[in-house]
Protein chains: 2
Amino acid sequence: MADVAAEAHVSVKTVSRVVNHEPGVRPDTAERVRAVIERLGFRRHDGARLMRQGRTYTIALVVEDLANPFYSQVGAAVEREARIRQHQLITASAEGSPSRERAVIEALVSRRVDGIVVVPADESASSDAVLEASSTPIVYMDRPVRGTPRDTVLSDNHGGVRSAVEHLVAHGHRSIAFFGDDPAFWTARQRREAFVATHQGLGLPGTPRVSMGPHTPASVQETLRRWTDGLESVTAVITGNNRITLAVLLAQRELRLPLSLIGYDDFELAALIDPPVTVVHQDPAAMGQKAAQQLFARLLGDESPAQTVVMPTRLIVRASGVRRGVPTR
Amino acid sequence: MADVAAEAHVSVKTVSRVVNHEPGVRPDTAERVRAVIERLGFRRHDGARLMRQGRTYTIALVVEDLANPFYSQVGAAVEREARIRQHQLITASAEGSPSRERAVIEALVSRRVDGIVVVPADESASSDAVLEASSTPIVYMDRPVRGTPRDTVLSDNHGGVRSAVEHLVAHGHRSIAFFGDDPAFWTARQRREAFVATHQGLGLPGTPRVSMGPHTPASVQETLRRWTDGLESVTAVITGNNRITLAVLLAQRELRLPLSLIGYDDFELAALIDPPVTVVHQDPAAMGQKAAQQLFARLLGDESPAQTVVMPTRLIVRASGVRRGVPTR
DNA sequence: CGGTGGTCAGACAACGCTGTCATGCCGCCA
DNA sequence: TGGCGGCATGACAGCGTTGTCTGACCACCG
């Protein structure tokens with residue numbers, strides 16, 4: 001900027017004014033400055049600018065794994081909201097490790113990002129102190145966190161599972177089982193509880209059959225074999241996430257079981273599997289958008305108490321939920 | 001930092017030394033400073049630090065759409081490389097628009113990111129001047145760009161298509177058609193050319209049947225109907241990307257065509273479709289990793305001439321490639 | 001013709017940190 | 001006892017901007 005100023009025989013401040021379209025520069029002066037800027041290929045150094053202004057116009061997204069479609073859709077949505085508001089997005093993976101997540105968040109705070117959206121690795125509010133000290137706004141997604149209340153965007157796990165159970169029951173199923181993810185995950189526990197509650201609420205016979213992860217394809221197959229072996233055979237299965245849906249589909253094909261199935265999370269080509277798979281759809285893009293909007297509201301000075309939003313799920317009915325199972329009697 | 005210095009009765013420079021683990025501070029002094037830092041919740045302001053040092057320890061990735069699995073895998077790989085090297089990653093979508101891409105790149109250059117990985121929207125080197133002036137290293141991915149030679153990481157489109165054609169021919173197919181994407185895309189043109197060349201190279205009868213995009217499900221279905229109607233019916237189809245594979249699968253199901261199929265790009269659950277879909281797999285993670293590595297080599301001072309790397313593809317053989325088609329005679 | 005107000009432009013400090021150089025102190029040796 | 005070297009620490013400038021304040025100049029009015 002100093003170079004431009006010298007070349008154009010003006011002060012740096014005037015160059016600054018021109019660059020930022022500030023008023024109070026005579027058109028001919030501005031033109032002269034612009035010409036020099038063009039000639040010298042000058043670009044304002046945003047780092048310096050933002051330092052002066054105290055804001056970085058940058059937000060961050062911390063997730064487990066960017067390649068996971070759920071997170072990548074969240075990422076795309078958050079990036080979009082950021083771009084609309086002239087902010088940049090830093091994305092970072094914590095790879096599911098709470099300690100790495102903490103380190104990542106601290107690094108982001110050191111960079112003075114304006115705010116952070118996090119899908120937390122666990123429920124310990126391990127970065128609370130840092131966030132507090134720096135008063136960096138944060139929005140948690142998908143899973144709540146203990147400690148200081150913060151803005152949180154969750155998915156309606158309970159409603160999603162309930163809609164799945166109800167759908168199966170409406171199609172005549174009475175013997176429904178649930179494959180959940182590792183109960184270390186909050187969402188997995190939520191979905192399990194929802195399954196058990198709905199199972200009992202609807203007065204289905206017997207104890208709810210539940211198998212929680214971590215699963216392997218072999219363990220899923222083994223469990224499935226056990227459940228379909230005998231008089232009280234399961235006729236329908238609900239899965240707790242994407243990966244498990246895949247495992248169940250494979251096992252089912254292997255064992256030639258005509259089970260009904262409802263998967264949690266929609267997936268590409270679910271419609272092309274035979275039979276097309278009915279799923280509980282959470283809308284990651286909507287969740288990401290909502291989280292980003294919450295964050296930006298805070299950045300604009302919203303001081304209201306922390307808020308938890310529960311996003312609805314939607315049952316996408318395809319063919320796999322209808323009765324076609326092994327008769328129970 | 002000044003606050004800490006005052007509180008600990010030392011100079012800011014000493015605080016700086018402690019924060020950065022520089023030698024030349026007496027242990028007891030360091031300890032006192034650390035205590036104050038802890039008490040005050042001080043965090044070094046990386047923006048200021050990086051400004052002083054001239055590097056931002058930040059790289060950027062510019063793609064079309066973060067939610068697209070191809071790009072999200074690239075993103076995850078690039079982020080990983082960045083994290084390993086203590087850099088942050090800014091991700092940005094250009095949504096396929098060259099002008100937006102240009103704006104995005106200019107913004108990144110203004111932020112003085114240390115380097116950029118781009119999947120370019122088109123072949124016009126529209127950001128050349130800016131990159132040149134700022135001497136920001138850039139690596140192009142998936143598609144080359146005209147203008148100044150730059151590091152580029154491509155996929156072996158020719159080899160991928162050739163392996164697909166050869167696989168089909170090996171299974172007795174003689175009448176193979178190709179559905180490509182919009183020829184505005186460099187990769188689409190590459191794959192088309194590869195198809196035509198291989199078709200002729202192997203001495204397959206007739207003119208190669210090719211349909212280029214943009215496609216709609218309806219247009220795909222119509223074309224497919226035409227090609228399978230009559231004596232010279234097509235028995236196998238090769239698709240030019242993911243989306244087209246999906247469209248063909250749907251059309252095929254609709255029309256009840258027992259076509260063989262090889263898709264470009266692997267996709268989740270390709271193994272679960274009936275029959276499981278044989279695909280040409282490009283490895284987005286490997287491409288992203290390679291691109292990031294190239295970029296970091298430049299950041300470390302590698303001054304060698306721009307380099308183009310072509311990453312191999314792999315044919316993942318499932319069932320859909322074998323002969324099962326309508327007899328040609 | 002002096003005063004007033006408006007327009008354009010520049011000087012200067014500051015954002016928070018670090019690189020460079022200077023300083024003070026201590027111990028050691030001749 | 002004077003000189004020297006090494007260690008711990010600090011003063012200061014500067015990274016590239018922008019906010020604030022000041023100043024020069026001009027036009028206009030009474």
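Values reported hereafter were calculated over all heavy atoms of this structure, with side chains retained and with hydrogens, waters and symmetry mates removed. No experiment lies behind these values; they were computed from the predicted model shown. Protein chains get the first letters and strands the later ones, always in sequence-line order, with residue 1 at the start of each.
- Between A/Val19 and B/Val10, it is B/Val10 whose nearest contact on DNA chain D lies nearer the 5' terminus.
- Residues A/Glu38 and A/Arg34 are not paired through a salt bridge, judged by the lack of any N-O separation under 4.0 Å between the basic side chain and the carboxylate.
- Residue-environment remark: CZ (A/Arg80) stays at or below the threshold of 12 foreign heavy atoms within 6.0 Å.
- Between C/dA9 and A/Ser11, no contact under 4.0 Å exists linking OP1 or OP2 to a side-chain N or O.
- A salt bridge links B/Glu81 with B/Arg85; the closest basic N to acidic carboxylate O contact falls under 4.0 Å.
- Proximity note for A/Arg17 (side chain, C-beta onward) versus C/dA9, C/dC17, C/dG19: the nearest is C/dA9.
- Side-chain atoms of A/Arg43 and B/Val109, non-hydrogen and from C-beta on, do get closer than 4.5 Å to each other.
- No side-chain heavy atom of B/Asp151 sits under 4.5 Å from any side-chain heavy atom of B/Leu295.
- Just one residue in the list A/Ile90, A/Ile116, A/Leu89 forms a side chain to side chain contact (heavy atoms under 4.5 Å, CB included) with A/Leu61, and that residue is A/Leu89.
- Distance from the side chain of A/His45 is smallest for D/dG16 among the nucleotides C/dA11, D/dG16, C/dT18.
- Considering only side-chain N and O atoms, A/Arg44 lies nowhere under 4.0 angstrom from the phosphate OP1 or OP2 of D/dT17.
- Between A/Arg55 atom CZ and D/dG19 atom P the separation is 14 Å, expressed in whole Å.
- Computed from coordinates, the B/Met1 CE to D/dC15 P distance equals 19 Å when rounded to whole Å.
- The residues B/Glu64 and B/Arg100 are annotated as not salt-bridged, no charged nitrogen and carboxylate oxygen being separated by less than 4.0 angstrom.
- Checking C/dC8, D/dT17, C/dT18 against the side-chain heavy atoms of A/Thr29 singles out C/dC8 as nearest.
- Within the nucleic acid shown, A/Arg52 comes within 4.0 Å of at least one base atom, counting heavy atoms only.
- Distance, B/Gln53 CD to D/dG16 P: 13 Å, rounded to whole Å.
- Straight-line distance from the CG atom of A/Asn20 to the C1' atom of D/dG16: 12 Å, rounded to whole Å.
- Proximity of B/Arg49 to the phosphate of C/dT18: a side-chain N or O atom is located under 4.0 Å from OP1 or OP2.
- The phosphate of D/dT9 has OP1 or OP2 within less than 4.0 Å of a side-chain N or O from B/Arg26.
- A/Arg43 comes within 4.0 angstrom of the backbone, heavy atoms only, and of no base.
- Here the closest non-hydrogen pair linking B/Arg189 and B/Glu123 is NH2-OE2, 2.8 Å.
- D/dA8 atom P lies 13 Å from atom CD of B/Glu22, rounded to whole Å.
- Contact between the side-chain N/O atoms of B/Thr14 and the OP1/OP2 oxygens of D/dG10 is found at a separation under 4.0 Å.
- Axis deviation across the helix from C/dC1-D/dG30 to C/dA30-D/dT1 amounts to 70°, comparing end segments of five pairs, rounded to 10 degrees.
- The distance from atom CE of B/Met51 to atom P of C/dC15 is 13 Å, rounded to the nearest whole Å.
- A/Tyr57 has its OH atom 17 Å from the P atom of D/dT17, to the nearest Å.
- In this structure, the CG atom of A/Leu50 is 15 Å from the C1' atom of D/dG19, given to the nearest Å.
- Counting non-hydrogen atoms under 4.0 angstrom, B/Asp46 reaches nothing in the nucleic acid.
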